[in-house]
Number of protein chains: 2
Amino acid sequence: MEKIPTIKEIAKRLKVNASTVSRALHGHPSIGLVTTMRVNKVANELNYERNQTAIFFKQRKTFTIGVVLPDFSDAFFSSALSGIEDYASKKNYNVFVGQSLENPDKEKSILDTMKNHRLDGIIISISKNTTDYEVFNQLKKYNIPVVFFDRIPDMEDIHYSACNLQSGMLQAVDCLVEKGHRNIGLINGPLHLGASKERLAAYNKGLNNYSIAINTQLIVSSDLSADQNYRAMRQLLSLKERPTAVIAFNDYVARDAMSLMKKNDLVVNRDISFISFANSPIWSFMDNSPMASIEQFPQKQGVKAAEILFELIAGRNEETSSAPAFNQVIFDSSMVSHHGKRI
Amino acid sequence: MEKIPTIKEIAKRLKVNASTVSRALHGHPSIGLVTTMRVNKVANELNYERNQTAIFFKQRKTFTIGVVLPDFSDAFFSSALSGIEDYASKKNYNVFVGQSLENPDKEKSILDTMKNHRLDGIIISISKNTTDYEVFNQLKKYNIPVVFFDRIPDMEDIHYSACNLQSGMLQAVDCLVEKGHRNIGLINGPLHLGASKERLAAYNKGLNNYSIAINTQLIVSSDLSADQNYRAMRQLLSLKERPTAVIAFNDYVARDAMSLMKKNDLVVNRDISFISFANSPIWSFMDNSPMASIEQFPQKQGVKAAEILFELIAGRNEETSSAPAFNQVIFDSSMVSHHGKRI
DNA sequence: TTGTAGGCGTTATCAT
DNA sequence: ATGATAACGCCTACAA
């Protein structure tokens, strides 16, 4: 194992001062051309690489952002991460990641670590069970900007990029009612989630637009586990007036519900039409997918979060912005039909 | 913006030496109980958090690994990332990520950055077009262990975790031949990829096992773009003796090929049976998915890569291991039928 | 144009 | 049990 070359080493060999080397490597104008070239030559020979850890330490800037998401293996989050990484790398920023796996303790520890690392900023989609927001105030104290993404805590004065579920839900209801459906089921998520409340409110509003009375039996919910997804669908199937259409909390819920239909010899989108909030990019190309998806554009949302974050990072450096404008961008979700996609 | 508290600040307030504070915060036994408590008290009051950038710099250790993958939005890689992150976090390591997007230049620049950051180790799945392996030698010089994952460069003396495609392919051929298929098509990827060569060799071997002559017309390839996927399938459909079964390079290829079948009023798995190498975790639950998938267990592979990497990191610290054993773990891929899964 | 010196926050090694 | 000091690698005012 060779010793890793440093500026000092280069300086020693050239019998010049370390600061001269430092300046030469940066192309500082005051350093003579000959010296600069000699320095670069030796640097190349030694395979010198600057030590970022030293630079971070000195400059109190890491050129690194943190991204905390519940689960990278979820297509929704991974495509967001993909967009964020791409954006950050174009800004010459690095990306540090953590996944909470819906565990608030792990989330907290990730955020603590990121705080200790003095990251320049953080994008986070909080876990389902996060109730303690103290850590976010901490981050504010440490002057580390935070942008929330998709899953927003109930706090004021925060920056976020999220998606308005109502627009997509209304489009879905419109679409179904136009096709003649009146018994529209909703398999919702756990009601303590804001996302579930939003879906329910929009569902109610949608039916209300057509003066269709709300039938509470048609509204079931699941904790999003497979078992409960099945149970919820079973509940709908057992109704006297079985729904002719179902809107599912997300694709995974739809998948399980559709599985159950098959088990009962029912055909998806013939016996019961399905629409689900989108996670999976694959379904739009499948035959027996839901009839339509309600898209939330995770990648776009992620990139927007990154945009906001980089504005904040830039603003922080300037120290000029006295008025803390809170960037709160809300995209409209949108229903996308799966008929005749792509080919 | 408050000033971020440091050890010095605590020391000043308590009128003790900084080293005392440092030791107290670490629970060093030589520090008196009273002092330790006083230090902790003030540290809490000031919301002191240790500055990792300083520690990294001083200790020449970052407790951070880098993960470089072609595309986070690909389910195969994102589930690997999920496994790696989970494993690393259990070892109290942080994860730095980069996605090459199949661009060797970007890949190189990511690796350079990681080298500059003095990461403790790197897991990488190289881009399709990477031909210059010099950077990996560089990393070796910097004593940064590298474990390759799934996409392995043609180098000696490397560590990797990969997947043997042959076993799954043979199972697929077995399965199809047993069902009476003799005309089995192969939609392969670009032939310069090792992954394509492996598939082809295994395909040939599989047919050979049954003394079925290779019909080169049944072997088509695509650069994995949608257009070429369609073209490849069109080619197969236009044959006089159209295949009764098709094995596809991966799920995305299968998706497009299956789309084309639908367009031609052919029914998947009735008119032509499909088996594809797995990317998408969703398909095993769908009705009109391929008949079976050949699983490569990305998460398991990723975790194994992480295991190898952490062994290397541990070994590097000890400086004892004189014999550089190269960990090269190869999983068997395995065909998984999609009939009656999960429910 | 180049050298000198000080410091970023922490910790290890002395000494007391 | 605690203090003093130096060092990690780099950068930058200031001096020359």
Side-chain angles (χ1 to χ4, degrees), chain A residues 2-40 42-43 46-64 113 115-120 142-143 317, chain B residues 2-40 42-43 46-64 113 115-120 142-143 317:
Chain A
E2 311 169 33
K3 202 170 61 192
I4 292 173
T6 68
I7 278 189
K8 281 182 187 170
E9 176 63 22
I10 299 177
K12 204 198 296 176
R13 300 210 181 198
L14 262 57
K15 298 189 205 304
V16 297
N17 195 279
S19 54
T20 305
V21 176
S22 173
R23 286 188 272 244
L25 290 171
H26 286 252
H28 195 285
S30 76
I31 299 294
L33 202 63
V34 245
T35 317
T36 304
M37 297 220 309
R38 292 203 316 141
V39 167
N40 281 322
V42 176
L46 295 181
N47 271 310
Y48 169 79
E49 302 268 354
R50 56 200 226 269
N51 184 338
Q52 281 292 6
T53 66
I55 295 175
F56 290 164
F57 168 51
K58 174 132 231 304
Q59 314 214 323
R60 290 116 162 282
K61 187 119 171 47
T62 55
F63 294 99
T64 302
T113 307
K115 188 174 50 183
N116 291 345
H117 277 249
R118 307 291 193 262
L119 297 195
D120 290 348
Y142 273 73
N143 206 22
N317 295 338
Chain B
E2 311 170 33
K3 202 170 63 195
I4 292 173
T6 68
I7 280 189
K8 283 182 184 171
E9 175 63 22
I10 298 177
K12 203 199 294 177
R13 299 212 181 197
L14 263 60
K15 298 187 204 303
V16 296
N17 195 281
S19 51
T20 305
V21 175
S22 173
R23 285 188 274 243
L25 289 171
H26 286 255
H28 194 287
S30 77
I31 299 295
L33 202 63
V34 244
T35 316
T36 303
M37 297 221 309
R38 292 204 315 142
V39 166
N40 282 322
V42 176
L46 295 182
N47 269 310
Y48 168 79
E49 303 267 356
R50 57 196 222 266
N51 184 339
Q52 281 292 6
T53 67
I55 296 174
F56 290 165
F57 168 53
K58 174 138 230 303
Q59 315 215 321
R60 291 116 160 285
K61 188 118 171 47
T62 56
F63 295 101
T64 303
T113 307
K115 189 174 50 180
N116 291 346
H117 278 248
R118 306 292 193 262
L119 297 194
D120 290 348
Y142 274 72
N143 206 22
N317 295 339

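The structure displayed is predicted, hence computed values, not measured ones. In what follows, every chain begins at residue 1, and chains take the letters A, B, ... in the order their sequences are listed.
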If each end axis of the helix from C:dT1-D:dA16 to C:dT16-D:dA1 is fitted on five C1' pair positions, the angle between them, to 10 degrees, is 50°

Given atom CZ of A:F63 and atom C1' of D:dC10, what is their separation to the nearest angstrom? 14 Å

Measure the distance from CZ on A:F56 to P on D:dC11 and round it to the nearest whole Å. 12 Å

Would you check if the distance from the ring center of A:F56 to the ring center of B:H117 is below 6.0 Å? yes

Within less than 4.0 Å of OP1 or OP2 of C:dT11, is there a side-chain N or O belonging to B:S22? yes

Side chain to side chain contact (heavy atoms under 4.5 Å, CB included) for A:M37 and A:N40? Distances and angles first, verdict last. CA-CA 5 Å; A:M37 297 220 309; A:N40 281 322; 5.8 Å; no

Whether A:N17 contacts C:dT2 is assessed here as follows: a side-chain N or O lying under 4.0 Å from the phosphate OP1 or OP2. Is that the case? no

Could you list the residues that satisfy side-chain hydrogen bond (donor to acceptor under 3.5 Å, both in side chains) with A:N17, not counting sequence neighbours? A:S19

Qualifying residue, where the test is side-chain contact (heavy atoms from CB on, under 4.5 Å) with A:I31 and the options are A:L25, A:T20, A:V39: A:T20

Ignoring hydrogens and angles, tell me if any N or O in the side chain of B:H26 forms a donor-acceptor pair with the backbone of B:H28 under 3.5 Å. no

Look only at the side chain of B:D120 and the backbone of B:T62, and say whether a donor-acceptor pair between them is shorter than 3.5 Å. yes

Spacing between B:H28 atom NE2 and C:dT10 atom C1', to the nearest angstrom: 14 Å

Run A:L14 and A:V42 through side chain to side chain contact (heavy atoms under 4.5 Å, CB included) and show every step you take. CA-CA 8 Å; A:L14 262 57; A:V42 176; 3.0 Å; yes

With sequence neighbours excluded, tell me which residues meet side-chain hydrogen bond (donor to acceptor under 3.5 Å, both in side chains) with A:R50. none

Give me the distances for all protein-to-nucleotides 7-9 of chain D N/O pairs that come in under 3.5 Å?
unit_1, atom_1, unit_2, atom_2, d
D:dC8, OP2, A:K8, NZ, 3.4
D:dC8, O3', B:R60, NH2, 3.0
D:dG9, OP1, B:R60, NH2, 2.5

How close or far is atom P of D:dC10 from atom CG of A:L25, stated in whole angstroms? 9 Å

Taking CD1 from A:I10 and C1' from D:dC10, how many angstroms apart are they, rounded to a whole number? 12 Å

Can you tell me if B:Y48 uses its side chain to pair, donor with acceptor, with the backbone of B:E9 under 3.5 Å? no

Do A:R118 side-chain atoms and A:K115 backbone N/O form a donor-acceptor pair below 3.5 Å? yes

For A:H117 and C:dG9, what is the distance between atoms NE2 and C1' respectively, to the nearest whole Å? 15 Å

Set out, in order, the CA-CA distance, both residues' side-chain angles and the distance that settles side chain to side chain contact (heavy atoms under 4.5 Å, CB included) for A:N51 and A:T6, then state yes or no. CA-CA 8 Å; A:N51 184 338; A:T6 68; over 6 Å; no

With rounding to the nearest 0.5 Å, note down the distance linking CZ in B:R60 to CD1 in B:I55. 15.5 Å

Between B:K3 (NZ) and C:dC8 (C1'), how many Å, whole number? 13 Å

Residues in residues 31-39 of chain A with a heavy atom under 4.0 Å of DNA chain C, by number, are A:I31, A:G32, A:T35

Does NZ or CZ of A:K61 fall inside the cone over A:F63's six-membered ring, less than 6.0 Å from its centre and within 45° of the axis? yes

Contact list (N/O, under 3.5 angstrom) for nucleotides 13-15 of chain C vs protein:
unit_1, atom_1, unit_2, atom_2, d
C:dT13, O4, B:R23, NH1, 3.1

Walk me through whether B:T113 and A:Q52 qualify under side chain to side chain contact (heavy atoms under 4.5 Å, CB included). CA-CA 8 Å; B:T113 307; A:Q52 281 292 6; 5.7 Å; no

